[in-house]
Structure formats: C-alpha cells, structure tokens
2 protein chains.
Amino acid sequence: MEKPRESNVERLRTGILEMIEELGLGFGDRLPTEKEMVERFHISRPTLREALKLLEQEAVIDSHQGKGRFLAAGALLSIARPITKFESVSQMVSSHGYTAETRLLGFSAVPADPVTAERLAVAEGTPLVRVERLRSSGGQPLVYSVDWLPRALVGEGLEGTPDWSGSLVALLDRGGRRPVASTANVRAVLLPDEVSGLHGLEEFGPALLIEEVCYAACGTRVIYAMDYHRGSAFSFSFVRK
Amino acid sequence: MEKPRESNVERLRTGILEMIEELGLGFGDRLPTEKEMVERFHISRPTLREALKLLEQEAVIDSHQGKGRFLAAGALLSIARPITKFESVSQMVSSHGYTAETRLLGFSAVPADPVTAERLAVAEGTPLVRVERLRSSGGQPLVYSVDWLPRALVGEGLEGTPDWSGSLVALLDRGGRRPVASTANVRAVLLPDEVSGLHGLEEFGPALLIEEVCYAACGTRVIYAMDYHRGSAFSFSFVRK
DNA sequence: TTGTCTCAACTTGTTTGACAAGTGAAACGT
DNA sequence: ACGTTTCACTTGTCAAACAAGTTGAGACAA
C-alpha cells in the first residue's frame, strides 16, 4: 500500500548530486554531458532532462545550449533541514536536539468561528476539537501550540477521549488522514497575555509564531495550528533565490 | 547580446499557471491531461513534462500515474510572495504594502571578525564595510538592518563615499556582483538593548530576525545581513511538504 | 608566420512516435 | 446482485532524429 515516496526523477536528482560529489566538482566546473549521464544512470534522455531541470530551478546547475552544463551558485547552499520541509512539531523539536516532553494544557469541543472555518474550509459552526499543548525540555518551555481539528476526523468520540497528549499526526494517520503538507506563515510575536499568565510562561520571551493549515494526501484540510516557538531556542533555515 | 532571460520551459511554466487561473481551478481540481495541454500550447510532450516537473517541485501540482495531475497546496501560495523568494529588503517592504523611507544610521570600515569572516568566506581581518540602516513608513520603524560587505566589492573608496542609503543591490550590480540568492535563517528576538536605546526603538517590540548570506551569480558571497523585521508589521508565507 | 575563414564535431533544445504501467468504469458472466 | 474481465484513458519511460548554438582544428590567404 505504501507508495514509493521518491519518484524516479527524484531519485535521479539525488544521484546526480552524488555524482557531482564523487567527481569532486566545484563551482563553475562542467558536468558530464547528457550522453555520458544517460549511460552512467541507464535512463533515457528525456527522463534525465526532467531531473536536470529540477536542479536548474534550484540554481544548482546552469545550462547553455552548445556549451554544456555547469555548477552554479546554488550548489553551495544545500540546507540540511529547511523550514520548507513538512514535519510534526515533535519531530522538529527533537531535530533541534531537544528531548521533548508534551504536556496537555487543555482540550475542548468548540464550533468553528468564522476565521477558523475559513482556514479549514468548513462551514461556520462545524464541530471542532481545540487542543492546547506545551512542549518542554528539562523544565524549559519550548513550544506552546494550539490546534484545531474537525471533530469528524478524530474518532466519533464514543469511547470518550483519544490520547490528545500524543502525536496528532499519528492520530490522524489511523483514520487515513495523515497530514503531508501545509501552507504556513511565520511572524514574531509575544505570547498572548492570558496564555502566559495562565500557564506560567512569563519568561517565554519573544516567540516565532508559525501558523499553518495542514493537508492530508487526499487534499482535505485536517489541522489548523498555531505554534509559538520560543525565540531563544529555535531558528529555521532556508534558501532564497 | 542579451540572452532571453526566460527559457522556453520557464515561459511554459507561467503559461500553465495562467491556464489554471483562466479555468478557475482550485485546490484538488484536476488539470487538463498532457495531451490537451500539448495541443493548447503547441509544444511537445517532453517539453511540457519538464515544465510540469518544475511545478511539481514547487508543490503547485501533484501527479498520479493513471489518474492525472491535481492542484496541490502550493497553488494557494503561488501568488503571495513566499519567504523563499530572494528579494531586497526594499522590495520586500513595498510588497507588504508599505512605502519605505531608508535612513542611514551609520557606516564604518571594519576588519572581519572570526564569525563574519566565516560567513563571507574571507580571511579574518579582511577589510569590510558595515552599514546600519532603518526602514520606516509614515514615521513607524519597520526594519532595522545591519549589513557587512567586502570592501573590495564596493568601489575602491577613491571617490569617498558611495550612496549607502540607497540599495546595496544596485550598488553591487554596478560591479557585476548583483546578489541573486542567499542562505538564510529566521528566529524571533528582541532588538539588542544598545540598538533600541541609541536609535529610539524602544517600542519596536518582538522582531523577526532574518540572518542571511547573499551570493552573486558568479558564486562569490557579497553580503552578510541581519535584518530585524518588526513583528507587528510583517509575516512571511511558505509551503511545507 | 600570422590571421581569418570554413566546416565538422559536439553540446543542449525540441519533436515525434511508441510502449509500459497504473486507474477506473463499463461490459460481462456467474 | 455481485465479482470479474476488459478496455479506454492517464502518466511514466524510452528511442531516434533533427534543430540550434558553440568550439576548435585545419584550410587558406596575406
């Protein structure tokens, strides 16, 4: 049932990067010709060209008709874990080197207000679940987060309470609605007063707020999240071009 | 002598986006088949597929063998300026709807300290220029920024002072070293005390700090920048997948 | 010798045609 | 009514060819 997450062209793309490494090519050096690469990877020229186009778009290589392909600026700037890589908050926290503990601050059934309804593309008043959690490491609060999920997606509520303190990703995965992508935006804020007051987060300091709408593979929106990342603990990398 | 800045595939890519707009397609909708698009754009299938692969990588469309191509999460952001798009601070400010005024807070010739030298890939002690500026709009401070540039790149200093209050991009462009990409990271901070005290920015509030190293097309690093974006005025979008 | 021109070889860009593989629905038989 | 097969349609991959831009060697003339 599991799809190969990496398409053929994707695999080829990383193969080309490995080849560049192997050959010890540096900035401005010329790549092997299409003909040579076709032989090396045992694939056809159109397929190879699709992979090369990806690297062109990433500014890793530069192509000139009649001359060849050359390593460009983007080759220098490959980022290990960019902000554009979708991952759960738990994954993100541990990838920053923290061992996270999750504390459930509260959850409740609420109707969708106009803003949230628009974000999740549901009708106003649709039953939602609001989950409020705090990730900490060694007693230091790291991420304060609020998530909204359509009630219909997380069990029918018959058996009472799912494990809200666990991973929402895992919970949705059981219903075949695992989030795989999101549209997000980021800004700098302070924690809202009522939050810092209620949960003893007066020392949290400036926060990086990532507000995102998560999508399942089938296209339905499954989570609207607001994650406040403690400014002194997190930074995110990316490439601009 | 001027090369067509837009390759054929590039042009085709925007053509597809326009077509999506025209057809009024929304998230999850199916795109026309390759066959139909080949007829519409009068190009061959491999060429079309190169353009489609680009949009796939941008998460604008999603492809499934046997089923078709579908609009994905990235389509919602293709209009908004994503954080991953390289642009100057001035461009960014005006794209957020502000009319920016730039005030030069100071500049000086400094030797490269260890950290800055590593960022710019120059030897420690290399002569640099440090430029400190503040962008405002209607009296409201928006972005406080500090830039370091190798002295050698910005005129030889014979004629005294270049126009530091203008665009650094334009300045570097004259030397053929226009920055075109960067590696960046983002975090939430407060303005350093000495900065807010010296320049009357006590009310600036939490700031989104984007720290980036800019590259010219030829691969040399031309700017090391720290841009403090006022949290209450800016937010940046992006797609995660 | 020196400089210029021509041309052939090589590179990427594009097209055409074909087949493989996955999908879904209609047609079919039980 | 239900499961199965078949078939049309989609994307994925391949092969061969020509167009267009670049380079360099060799012919040629001064």
Side-chain angles (χ1 to χ4, degrees), chain A residues 1-16 19-20 23 25 28-72 74-75 176 216-219, chain B residues 1-16 19-20 23 25 28-72 74-75 217:
Chain A
M1 201 70 255
E2 192 55 27
K3 284 282 184 74
R5 298 209 38 105
E6 230 180 10
S7 86
N8 222 338
V9 171
E10 268 317 300
R11 215 171 5 251
L12 186 52
R13 176 186 162 279
T14 69
I16 295 170
M19 178 196 67
I20 291 172
L23 299 179
L25 299 183
D29 288 348
R30 211 186 109 171
L31 271 74
T33 66
E34 296 186 354
K35 183 163 173 286
E36 288 170 311
M37 286 194 264
V38 160
E39 287 164 8
R40 170 188 284 259
F41 296 110
H42 305 100
I43 40 86
S44 72
R45 223 181 126 213
T47 305
L48 172 68
R49 284 178 58 85
E50 285 187 17
L52 288 170
K53 257 292 182 293
L54 294 185
L55 292 171
E56 254 176 71
Q57 182 174 250
E58 295 170 47
V60 173
I61 61 180
D62 214 5
S63 174
H64 293 280
Q65 184 172 357
K67 290 162 73 173
R69 290 195 155 84
F70 303 85
L71 268 185
C218 59
Chain B
M1 200 68 259
E2 191 55 27
K3 286 283 185 73
R5 299 214 32 110
E6 233 180 9
S7 84
N8 224 340
V9 171
E10 249 349 274
R11 212 169 11 249
L12 186 51
R13 174 185 163 280
T14 69
I16 295 170
M19 178 196 67
I20 290 172
L23 299 179
L25 299 182
D29 288 349
R30 214 186 105 170
L31 271 74
T33 66
E34 295 187 354
K35 183 162 174 286
E36 288 170 311
M37 286 193 265
V38 160
E39 286 165 8
R40 170 188 283 258
F41 295 110
H42 305 100
I43 40 84
S44 70
R45 221 180 127 215
T47 305
L48 172 69
R49 285 178 58 87
E50 286 186 16
L52 288 170
K53 258 291 181 296
L54 295 186
L55 292 171
E56 254 176 70
Q57 185 174 247
E58 295 171 45
V60 174
I61 61 179
D62 214 9
S63 174
H64 294 280
Q65 184 171 356
K67 289 161 73 174
R69 291 194 155 83
F70 302 84
L71 270 184

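On a predicted model such as this, the values are computed, not experimentally measured, just so you know. Protein chains get the first letters and strands the later ones, always in sequence-line order, with residue 1 at the start of each.
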Trainee: A side-chain contact here means heavy atoms from C-beta on lying under 4.5 Å apart; do L12(B) and F41(B) qualify?
Mentor: yes
Trainee: Which heavy atom in S44(A) sits nearest to a heavy atom in V38(A), and how many Å separate them?
Mentor: C-CG2, 4.1 Å
Trainee: Consider the side chain of T33(A), meaning its heavy atoms from C-beta on, and name the nucleotide among dT10(D), dT14(C), dT12(C) that approaches it most closely.
Mentor: dT12(C)
Trainee: Could you give the CD-to-P distance, from E56(A) to dT12(C), as a whole number of Å?
Mentor: 11 Å
Trainee: Report the distance from atom NZ of K35(A) to atom C1' of dA17(D), rounded to the nearest whole Å.
Mentor: 15 Å
Trainee: Quick one: does I16(B)'s side chain get under 4.5 Å of L48(B)'s, heavy atoms only?
Mentor: yes
Trainee: Sequence neighbours excluded, which residues qualify as salt bridge (charged side-chain N to carboxylate O under 4.0 Å, His left out) partners of K67(B)?
Mentor: none
Trainee: Measure the distance from NE2 on H64(B) to C1' on dT23(C) and round it to the nearest whole Å.
Mentor: 12 Å
Trainee: Going by salt bridge (charged side-chain N to carboxylate O under 4.0 Å, His left out), name the residues that satisfy it together with R40(A), two or more places apart in sequence or in a different chain.
Mentor: E22(A)
Trainee: The criterion is side chain to side chain donor-acceptor pair (under 3.5 Å); which residues satisfy it with N8(B), sequence neighbours excluded?
Mentor: R11(B)
Trainee: Does R49(B) have any side chain to side chain donor-acceptor pair (under 3.5 Å) partners at least two apart in sequence or in another chain, and if so, which?
Mentor: E50(A), E34(B)
Trainee: Of the options dA20(C), dG21(D), dT23(D), whose atoms approach the side-chain atoms of Q65(A) most closely?
Mentor: dG21(D)
Trainee: Check each residue of residues 39-50 of chain A for a non-hydrogen atom within less than 4.0 Å of any atom in DNA chain C, then write out the ones that pass by number, or none.
Mentor: R45(A), R49(A)
Trainee: Are the side chains of P32(B) and R69(B) in contact, using a 4.5 Å heavy-atom criterion?
Mentor: no
Trainee: What is the distance, rounded to the nearest whole Å, between atom NZ of K67(B) and atom C1' of dG12(D)?
Mentor: 16 Å
Trainee: Measure the distance from CG on D62(A) to C1' on dT11(C) and round it to the nearest whole Å.
Mentor: 15 Å
Trainee: On a heavy-atom basis, which atom in L71(A) and which in L31(A) lie closest, and how many Å separate them?
Mentor: N-CD1, 3.8 Å
Trainee: Between the two end axes of the helix from dT1(C)-dA30(D) to dT30(C)-dA1(D), each built from 5 base pairs, what angle do you get to the nearest 10°?
Mentor: 20°
Trainee: Looking at R69(A), does any N or O in its side chain come under 4.0 Å of the phosphate oxygens OP1/OP2 on dC10(C)?
Mentor: no
Trainee: When the distance from CZ of R30(B) to P of dC9(D) is rounded to whole Å, what number comes out?
Mentor: 12 Å
Trainee: What integer distance in Å separates L52(B):CG from dT13(D):C1'?
Mentor: 15 Å
Trainee: Scan nucleotides 4-8 of chain D against the protein and return all N/O pairs shorter than 3.5 Å with their distances rounded to 0.1 Å.
Mentor:
none

Trainee: Which atom pairs, donor and acceptor, lie under 3.5 Å between side-chain atoms of residues 52-63 of chain B and protein residues at least two apart or in another chain?
Mentor:
unit_1, atom_1, unit_2, atom_2, d
E58(B), OE1, R13(B), NH2, 2.9
E58(B), OE2, R13(B), NE, 2.8
E58(B), OE2, R13(B), NH2, 3.4

Trainee: Tell me every residue that passes side chain to side chain donor-acceptor pair (under 3.5 Å) with T33(A), counting only those two or more places apart in sequence or in another chain.
Mentor: E36(A)
Trainee: Without decimals, in angstroms, what is the distance between I61(A) CD1 and dT11(C) P?
Mentor: 16 Å
